[in-house]
Amino acid sequence: GAVVSQHPSWVICKSGTSVKIECRSLDFQATTMFWYRQFPKQSLMLMATSNEGSKATYEQGVEKDKFLINHASLTLSTLTVTSAHPEDSSFYICSARIGTSPYNEQFFGPGTRLTVL
Amino acid sequence: AQSVTQLDSQVPVFEEAPVELRCNYSSSVSVYLFWYVQYPNQGLQLLLKYLSGSTLVKGINGFEAEFNKSQTSFHLRKPSVHISDTAEYFCATGTFGNEKLTFGTGTRLTIIP
């Protein structure tokens, strides 16, 4: 089946620094990629939707200047958490979808745990 | 706006016993529904989905779910579970014309030998 990888799987950083998380579709081309955030014992919350070659669409309440998303190719999307603070500590999950139909399956990465000290 | 409720955060079940994981949704428009499974240290995998048609949907690994519009439910069932079914299960819903998925909080299924 289609595989999505995330790197790194976990990262610890100091407050005020920036962290980049990569999401790659390994064996397929993803027209659309999604970034989610998951807090303990809570559901996945969609942060943004990105289409290759265009600007990401952010959900209400998500700061686009803080969470920079780049979808430069059909196999790679990156999420950069700028000037990270402890409240940004969370589990970040990406998914990738083949084609443009919203009913197509999303293939999920294993997630990246970010801890900001 | 739609929402998804998974009332059971944890469900322990003996091996070879049947299981039902509950999912209820709330939406003012027609929805499509998914069940995803997350094994330890892995990404979410699609178990099954309902778009339209037959309300009984069969998925992978012997799971099935039934869409009940009147009760706004999409419960997941398996007649006989195995140790390998130990995982976190997420119900998700979307509305037609909108690609955003809304997830429930997940149910941790633990199989007792």
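Numbers restart at 1 for each chain; the letters A, B, ... are given by sequence-line order, proteins then strands. Here the structure is a predicted model, which means the values were calculated and not measured.
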In Å and rounded to the nearest 0.5 Å, what is the CG to CD distance from B/L44 to A/Q38?
-> 7.5 Å

Is it true that A/L46 and A/F67 fall in one hydrophobic cluster, defined by side-chain heavy atoms closer than 4.5 Å?
-> no

Looking at B/G106, B/G94, B/S9, B/G43, which one has more heavy-atom pairs under 4.5 Å with chain A than the rest?
-> B/G43

Linking I/L/V/M/F/W/Y whenever any side-chain heavy atoms sit under 4.5 Å apart, do B/F90 and A/F108 land together?
-> yes

Does B/I60 share a hydrophobic cluster with B/L21, counting links as ILVMFWY side-chain heavy atoms below 4.5 Å and allowing steps through other members?
-> yes

Student check: side-chain heavy atoms of A/E105 and B/F34 closer than 4.5 Å | no

If you count the non-hydrogen atoms of other residues, nucleotides and ligands that lie under 6.0 Å from NZ in A/K20, is the total more than 12?
-> no

Toward chain A, the part of B/L51 with a non-hydrogen atom under 4.5 Å = side chain

Heavy atoms of other groups near B/F14 CZ, more than 12 under 6.0 Å = no

Honestly, the part of A/L44 sitting under 4.5 Å from a heavy atom of chain B is both

Contact leader toward chain B among A/G109, A/S5, A/S95, where contacts are heavy-atom pairs under 4.5 Å | A/G109

Please name the pair of heavy atoms, one in A/N104 and one in B/K49, separated by the smallest distance, quoted to 0.1 Å.
-> CA-NZ, 4.4 Å

Quick one: list whatever passes salt bridge (charged side-chain N to carboxylate O under 4.0 Å, His left out) with B/E88, sequence neighbours left out.
-> B/R108

Smallest separation among heavy atoms of A/S43 and B/G104, with atom names = CB-O, 2.9 Å

More than 12 foreign heavy atoms under 6.0 Å from NE2 of A/H85: is that the case here?
-> yes

Contact class of A/E59 relative to chain B, heavy atoms under 4.5 angstrom | side chain

